[in-house]
J.: 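This is the structure, below, for whatever I ask next.
Only heavy atoms go into these numbers, but all of them, side chains included; no hydrogens, no water, no symmetry mates. Reminder, nothing fancy here: chain letters follow the sequence lines and each chain counts from 1. Treat the numbers as computed from the prediction; the structure is a model and nothing was measured.
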There are 2 protein chains.
Amino acid sequence: MSTEITERQQEIINVSLALITESGIQSLTIKNLAKRIGFAESAIYRHYENKIQILLAILDFFKRNTEQLFSNQLNSNENALVRIEKLFVTHFRKFANTPSLVAVIFSEEIFRNEKELSTKVAEIMNLNIASLTTIIKDGQQKGEIRNDIEASHLATMILGSLRMFVKQWSMSNYSFNLEKKGNELSNSIKTLLVP
Amino acid sequence: MSTEITERQQEIINVSLALITESGIQSLTIKNLAKRIGFAESAIYRHYENKIQILLAILDFFKRNTEQLFSNQLNSNENALVRIEKLFVTHFRKFANTPSLVAVIFSEEIFRNEKELSTKVAEIMNLNIASLTTIIKDGQQKGEIRNDIEASHLATMILGSLRMFVKQWSMSNYSFNLEKKGNELSNSIKTLLVP
DNA sequence: CTTTGTAGTGTGAATATTCACTCACATAAA
DNA sequence: TTTATGTGAGTGAATATTCACACTACAAAG
């Protein structure tokens, strides 16, 4: 039901993401959306009740994309260091291929007004931190990750590093190769985590 | 000259910060500003040419506040680990006392439209990363910080951890004691950095 | 001491623009 | 006939900004 999505709805989300990538969340207006699709503005409302629903759909897209990366590693039984490395690699690949996701990450302040939106943002982040913490605890028990630091602290640091790195990339106008440089960062993190 | 600021201008900035703290950057409108001061909207323009200038002044306030924390440690000659610890402690204290700064940190996406603003944001962040990198390199040379990881990576991780932690705090509606919990995180970071 | 000019500050009304959203109507397919 | 989809015109609210006008403090000129 609620997960089913029509072709037009998908198109609206795709165009939304394109607009966000090009000029930020601020440029995501009904007018711009309709213009890009080749639509009248009023036609949008045949497919989404209001703009909030579109933003929620975008957050859903974001959620599905990142959540999957975490759960993939959550359900793997490789060495925890490898799992965390893969977390980095897959994230950087995803962001490099879908830069709109980056704009979404850092648009949380814009979602702050609408309760439904800010709740969803918090929900996504808490879920990701929880998954990561689980992976770390598991690695600590198996002796794959150093045991002298609280798992939640390590999770904060790892996720924080990831975000900060992506932020640096976006602030440099995507001037370096995220995947390649990201690998180096990932190796540094691994070195820190090793017991 | 340009750094001189009148009483009214200071009042406008103070009220701006209060508005941002209470309900986010989105609520910083000329109307709200004027209402809170007890002003006509038009009176604002006697003191600032336009809204952009107000936002720039806010960023300046932010810049002065954080820059100082970095340069204090930059010019100290204590053990690098202690300097980094102090960086954490002073940041957390500052954020706890001036929560509007948190909203400013995470409002970068909103500043993205105006070139002048986004440039300033990038400038602030690059400066902070550079200061931190200098401190780390110094510590590495003196054998106070582990040498097997690139200083720039460590800087990304440290700053990323700091931001992520503050984000978690703000997302929890400031439900925990930032300074106290921040101390624990700071200790974990120190443990990671030690050679 | 008084007049006059001026700079600084505040006001209320008006402006243009942008925004999300509505609605009566049209059309085509099933 | 019904359902889904699209349209064009319009609405009201919010936004930043402008402008002619008014008041005050104060210093220079008479």
Side-chain angles (χ1 to χ4, degrees), chain A residues 1-2 4-20 22-59 103 107 109-118 120, chain B residues 1-2 4-20 22-59 103 107 109-118 120:
Chain A
M1 284 279 124
S2 65
E4 275 172 38
I5 202 170
T6 67
E7 258 182 61
R8 264 298 198 220
Q9 284 181 317
Q10 188 58 57
E11 190 184 3
I12 290 173
I13 299 307
N14 290 344
V15 171
S16 293
L17 291 171
L19 287 172
I20 290 173
E22 288 162 27
S23 9
I25 274 266
Q26 306 256 50
S27 72
L28 177 57
T29 64
I30 301 294
K31 191 180 188 174
N32 288 343
L33 216 40
K35 198 194 302 169
R36 182 69 73 91
I37 295 179
F39 240 172
E41 291 179 45
S42 46
I44 302 274
Y45 294 91
R46 294 285 175 210
H47 305 281
Y48 280 104
E49 196 191 332
N50 52 38
K51 193 179 171 183
I52 308 267
Q53 304 308 314
I54 297 177
L55 289 168
L56 280 173
I58 291 173
L59 281 181
S107 296
E109 185 64 24
I110 293 176
F111 299 140
R112 178 170 158 180
N113 281 359
E114 212 63 37
K115 196 159 220 164
E116 219 176 338
L117 293 173
S118 59
K120 187 143 199 133
Chain B
M1 285 277 124
S2 62
E4 275 172 39
I5 203 171
T6 67
E7 256 181 63
R8 264 299 199 218
Q9 284 181 317
Q10 190 57 58
E11 189 184 5
I12 289 173
I13 300 306
N14 290 344
V15 171
S16 295
L17 292 171
L19 287 172
I20 291 173
E22 288 162 27
S23 11
I25 275 264
Q26 307 256 50
S27 72
L28 178 57
T29 65
I30 302 293
K31 191 181 188 172
N32 287 343
L33 215 40
K35 197 194 302 170
R36 182 69 73 93
I37 295 179
F39 240 173
E41 294 178 42
S42 46
I44 302 275
Y45 294 91
R46 294 284 175 210
H47 305 280
Y48 280 104
E49 197 191 331
N50 52 38
K51 192 179 169 182
I52 307 267
Q53 304 308 314
I54 297 177
L55 289 168
L56 280 173
I58 290 173
L59 281 180
S107 296
E109 185 64 24
I110 292 176
F111 299 141
R112 178 169 158 182
N113 282 359
E114 212 60 37
K115 196 160 221 162
E116 220 177 335
L117 293 173
S118 59
K120 187 140 201 138

J.: Can you tell me the distance, in whole Å, between the CZ atom of B/Phe39 and the C1' atom of C/dT9?
T.: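 Atom CZ in B/Phe39 sits about 8 Å away from atom C1' in C/dT9.
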J.: Just jot down the salt bridge (Lys or Arg N to Asp or Glu O under 4.0 Å) partners of A/Lys51, sequence neighbours excluded, or say none.
T.: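 Testing A/Lys51 for salt bridge (Lys or Arg N to Asp or Glu O under 4.0 Å), a comparison that skips the adjacent residues, returns none.
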J.: Donor-acceptor pairs are to be reported for all side-chain atoms of residues 35-45 of chain A against protein atoms at under 3.5 Å, with residues two or more places apart or in another chain.
T.:
unit_1	atom_1	unit_2	atom_2	d
A/Arg36	NH1	A/Glu22	OE2	3.3
A/Arg36	NH2	A/Glu22	OE1	2.6
A/Arg36	NH2	A/Glu22	OE2	3.4

J.: Once rounded to the nearest 0.5 Å, what's the spacing between atom CG of A/Asn113 and atom OG of B/Ser27?
T.: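 Nearest 0.5 Å value for the CG-OG distance: 7.5 Å.
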J.: To the nearest 0.5 Å, what is the distance between CG (B/Leu33) and CG (B/Leu28)?
T.: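 With rounding to 0.5 Å, CG (B/Leu33) is 6.0 Å from CG (B/Leu28).
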J.: From B/Gln53 CD over to B/Leu117 CG, what is the distance, rounded to the nearest 0.5 angstrom?
T.: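 B/Gln53 CD to B/Leu117 CG: 8.5 Å, rounded to 0.5 Å.
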J.: If you restrict it to nitrogen or oxygen atoms, what contacts under 3.5 Å exist between nucleotides 24-27 of chain D and the protein, and what is each distance?
T.:
none

J.: Tell me which residues in residues 7-18 of chain A lie within less than 4.0 Å of DNA chain D, going by non-hydrogen atoms.
T.: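 The answer is A/Arg8.
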J.: Which letters describe nucleotides 14-22 of chain D, given B = protein heavy atom under 4.0 Å from base, S = only from sugar-phosphate, - = neither?
T.: -SSBBBBB-
J.: Distance check needed: C/dG8 P versus B/Tyr48 OH, whole Å only.
T.: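 B/Tyr48 atom OH is separated from C/dG8 atom P by 16 Å.
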J.: What's the spacing between B/Glu114 CD and B/Ile52 CD1 if we round to 0.5 Å?
T.: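 B/Glu114 CD to B/Ile52 CD1: 3.5 Å, rounded to 0.5 Å.
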J.: Using distance only, find each side-chain donor-acceptor pair of residues 6-20 of chain A under 3.5 Å and give its atom names and separation, not counting sequence neighbours.
T.:
unit_1	atom_1	unit_2	atom_2	d
A/Thr6	OG1	A/Gln9	N	3.1
A/Arg8	NH1	A/Glu11	OE1	2.7
A/Gln9	OE1	A/Thr6	N	3.1
A/Gln9	NE2	A/His47	O	2.9
A/Gln10	NE2	A/Asn14	OD1	3.1
A/Asn14	ND2	A/Gln10	O	3.4
A/Ser16	OG	A/Ile12	O	2.8

J.: Between A/Arg112 and B/Gly24, which heavy-atom pair has the shortest distance, and what is it?
T.: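 Looking at all heavy atoms of both residues, the shortest contact is NH2-N, 3.3 Å.
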J.: Once rounded to the nearest 0.5 Å, what's the spacing between atom NZ of A/Lys120 and atom CG of A/Leu56?
T.: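 If I round to the nearest 0.5 Å, the distance is 6.0 Å.
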J.: Could you work out which one of D/dT5, C/dT11, D/dG8 sits closest to the side chain of B/Ala40?
T.: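 The answer is C/dT11.
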J.: Without decimals, in angstroms, what is the distance between A/Ile44 CD1 and C/dT22 P?
T.: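 After rounding, the gap between these two atoms is 14 Å.
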J.: Nearest-Å distance, CD1 (B/Ile37) to P (C/dG10)?
T.: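 After rounding, the gap between these two atoms is 9 Å.
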J.: Heavy atoms only: give me the nearest A/Ile25-A/Ser107 pair and the separation to one decimal.
T.: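 A/Ile25 and A/Ser107 have their closest heavy atoms at CG1-OG, 3.0 Å.
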J.: For D/dA4, take OP1 and OP2 only and decide whether either is under 4.0 Å from a side-chain N or O of A/His47.
T.: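 No, because none of the side-chain N or O atoms of A/His47 sits under 4.0 Å from OP1 or OP2 of D/dA4.
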